[in-house]
Structures are given as structure tokens and as C-alpha cells.
Amino acid sequence: CRQSACTLLGGETAEMPSMYADGEYDLAGFCVGIVDSPKIVDGSSISVGDVIIGLGSSGVHSNGYSLVRKLFDASGAKADDIMPGTDRTFADVLLAPTVIYAEQVKNILRDLTVKGMVHITGGGFYDNIPRVLPSNVTASIKFGSWERPAVFEWLKHQGYLSWPEMLQIFNCGIGYVMIADRATADEILPRLHAMNTPAWEIGTIARRKDDQEQVEISFD
């Protein structure tokens, strides 16, 4: 809340099987914001040729932990063991705090026009991105255009999962997406890099054909 300059007003319970012992409970917060009508970013102006920018995640963030715990338990690894592909322990990698993108968003919106934004949570590529897209366009995303933290390679291998299956469960290295026209995107990327935020051009907006999915990810 301090990072986002917001007030904690309430919360809801979350489903996390086998996480709690009898008598234990979880508190999960949410936030409510206010924005001037002309400044609302609702995706309605997204059009063919716009650029999709992905902001890097710090790891698993807050989705898929029921599966993470099962795979970790089945692997026989210990919390203090070094995760393959890293120089960090499993505990450090799996419990890395979720990135809060509030400062990056405020910095960009202060001077530049962003047409659409969305968090990438569990299944967020396929489920969340369409929420900001007009019905006549599709998001064409190139898998491999961003750096994937080693934790996702380990989870894929440990769970015998395909990358499409992984993208239905985890963020796979992209925690937030911005959509803007080409000229604006060319300004957004260096600004994010100057804020020490990993970011990549991960795709473009294309015209949608009949019955075409609103998110298409190429694995070539």
C-alpha cells in the first residue's frame, strides 16, 4: 500500500487448499481508485498496428502457488537448496515479492498516452488481455521475445507441462502489459529501462478474423 500510495479499505478470503491449519485464516486486500473521466484507460482506442509491451515479473508473483507447492514437495528439494539456473535458494526464488507497477504506470501516464493496460496473473495472457481489447482486434504475441526467469523453466520441467499450459497458470515472466501506438511505445520502453524495469516489445495488435481468438501466441 505504501508503494502504491493507496489506502487499505477491506479484503476478501482466498482459496488456498491445504495452506491453513484449523483456526487460521487469510486476509487479502483490494483497492478502490478514482480517475478523471478523460483519463480513463479502457482499451477502446486500441487499433491494428499498436504495440504490446510486456513488463518483467519478479517470478511467480501471487498465482499458481497450490501447484508450486505440490511440485516443490514432489521434487524433494529443500528451501535452502539452490534453484537450478540461479544462484539463489528455492526459498528466495519462490517467495520473491510481487512487483508493484504503480510507479511505472504513473510515470508513463504522466506524459504519454497508453491505450490499454492489464496485469498478467494466472492465465492472464489468455484471460486478462482480451478484457482490454475491442472485439475487432487480436493480440499477436511472440513467445520468447522476453526473458523468462529460471523458476518457470524449473516448474515446466518438474510438472511435465507445455508452455501453453504454463501460460494458463503462471505469468511466465511478464507481470504487466501496456498497449500503445508505435511512436509512443518507442518512448515507453527506454523510460521503463531507465526505471530499472525490464520491459520488451512482445507483440502487436492485428485485425481479428471471424472466430479468431483474441490472443494468439506463436511459439516458433
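All values below come from the heavy atoms of this structure, side chains included, with hydrogens, waters and symmetry mates left out.
- For CD of Glu213, the number of neighbouring non-hydrogen atoms (other residues, nucleotides, ligands) closer than 6.0 Å is 12 at most.
- Rounded to the nearest 0.5 Å, atoms NZ (Lys115) and CD1 (Ile52) are 12.0 Å apart.
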Item to check | Ile120/Val177 under side chain to side chain contact (heavy atoms under 4.5 Å, CB included): CA gap, chis, key distance, verdict | outcome: CA-CA 7 Å; Ile120 303 299; Val177 159; 3.9 Å; yes
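- Nearest heavy atoms, Val132 versus Ile46: O-CD1, 3.3 Å.
- Atom NZ of Lys70 sits in a sparse spot, with 12 or fewer heavy atoms from other residues, nucleotides or ligands closer than 6.0 Å.
- There is a path of hydrophobic side-chain contacts, each under 4.5 Å, that joins Trp200 to Trp163.
- Atoms CD1 and OG1, on Ile82 and Thr89 in that order, are 6.0 Å from each other to the nearest 0.5 Å.
- For the pair Arg182 and Asp186, the salt-bridge criterion is met [side-chain N within less than 4.0 Å of a carboxylate O].
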Next on the checklist: If you apply the rule side chain to side chain contact (heavy atoms under 4.5 Å, CB included), what do you find for Val99 with His61, and how did you get there?
Outcome noted: CA-CA 7 Å; Val99 177; His61 280 191; 3.7 Å; yes
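- Results of the side-chain contact (heavy atoms from CB on, under 4.5 Å) test with Phe72 over Leu155, Leu67, Leu94 single out Leu94 as the only residue that passes.
- In this structure Asp92 satisfies the salt bridge (charged side-chain N to carboxylate O under 4.0 Å, His left out) test with no other residue, sequence neighbours excluded.
- Of all the heavy atoms in Ile141 and Phe125, the pair that sits closest is CD1-CD2, 4.0 Å.
- Proximity of a side-chain donor or acceptor of Arg208 to a complementary backbone N or O of Ser135 within less than 3.5 Å is detected.
- Note: Lys39 NZ to Ser37 OG = 11.5 Å, rounded to the nearest 0.5 Å.
- Between the side chain of Ser4 and the backbone N or O of Cys6, no donor-acceptor pair lies under 3.5 Å.
- Judged by distance alone, the side chain of Glu216 and the main-chain N or O of Ala139 form no donor-acceptor pair under 3.5 Å.
- Between the side chain of Asn63 and the backbone N or O of Ile169 there is no donor-acceptor pair closer than 3.5 Å.
- Contact check on Lys156 versus Glu153 returns no salt bridge, with no Lys/Arg side-chain nitrogen under 4.0 Å from an Asp/Glu carboxylate oxygen.
- The CD1 atom of Ile129 sits 6.5 Å away from atom CD1 of Ile179, with the distance rounded to the nearest 0.5 Å.
- Criterion: ILVMFWY side-chain heavy atoms under 4.5 Å apart, direct or through other members. Under it, Val93 and Phe170 are part of a common hydrophobic cluster.
- Note that the OG1 atom of Thr204 and the NZ atom of Lys142 stand 11.5 Å from one another [nearest 0.5 Å].
- Smallest separation of non-hydrogen atoms from Met117 and Val114: CG-CG1, 3.5 Å.
- Not one N or O on the side chain of Asp50 forms a donor-acceptor pair closer than 3.5 Å with the backbone of Ile205.
- Considering Ile202, Leu189, Thr184 as possible partners of Ile53, the one that fulfils the side-chain contact (heavy atoms from CB on, under 4.5 Å) test is Leu189.
- Within 6.0 Å of CD on Glu147 lie no more than 12 heavy atoms contributed by other residues, nucleotides or ligands.
- Using a 4.5 Å cut-off between side-chain heavy atoms of Ile, Leu, Val, Met, Phe, Trp and Tyr, with links allowed through other members, Val118 and Leu167 fall into the same hydrophobic cluster.
- Taking OG of Ser66 as the start and CG of Leu71 as the end, the distance is 11.0 Å to the nearest 0.5 Å.
- Counting heavy-atom neighbours within 6.0 Å of His157 NE2, excluding the residue itself, gives a total of 12 or less.
- Both Trp154 and Leu161 belong to a common hydrophobic cluster when Ile, Leu, Val, Met, Phe, Trp and Tyr are linked at side-chain heavy-atom distances under 4.5 angstrom.
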Next on the checklist: Please evaluate residues Met178 and Tyr101 with respect to the criterion side chain to side chain contact (heavy atoms under 4.5 Å, CB included), reporting the C-alpha separation (whole Å), side-chain torsions for both, the decisive distance (0.1 Å), and the verdict.
Outcome noted: CA-CA 11 Å; Met178 294 182 175; Tyr101 296 98; over 6 Å; no
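- Phe219 is linked by a ring pair (Phe, Tyr, Trp, His ring centres under 6.0 Å) to Phe143, counting only residues two or more places apart in sequence or in another chain.
- Side chain of Gln214 to main chain of Asp127: no donor-acceptor pair is present (N/O by atom type, distance under 3.5 Å, no hydrogens or angles).
- In this structure, the side chain of Asp42 engages the main chain of Ser44 through a donor-acceptor pair within 3.5 Å.
- Of the N and O atoms on the side chains of Thr197 and Gln104, at least one donor lies less than 3.5 Å from an acceptor on the other residue.
- Thr138 and Arg207 make their closest contact through CG2-O, 4.1 Å (heavy atoms, listed as atom of the first residue, atom of the second, distance).
- The minimum heavy-atom distance between Ser58 and Ala96, with the atom names listed, is O-CB, 3.8 Å.
- Under the 4.5 Å side-chain heavy-atom criterion for ILVMFWY residues, a single connected hydrophobic cluster contains both Tyr176 and Ile188.
- Ring to ring, Trp146 and Phe152 are not that close: their centroids are 6.0 angstrom or more apart.
- Shortest non-hydrogen contact noted between Pro130 and Tyr126 is CG-O, 3.3 Å.
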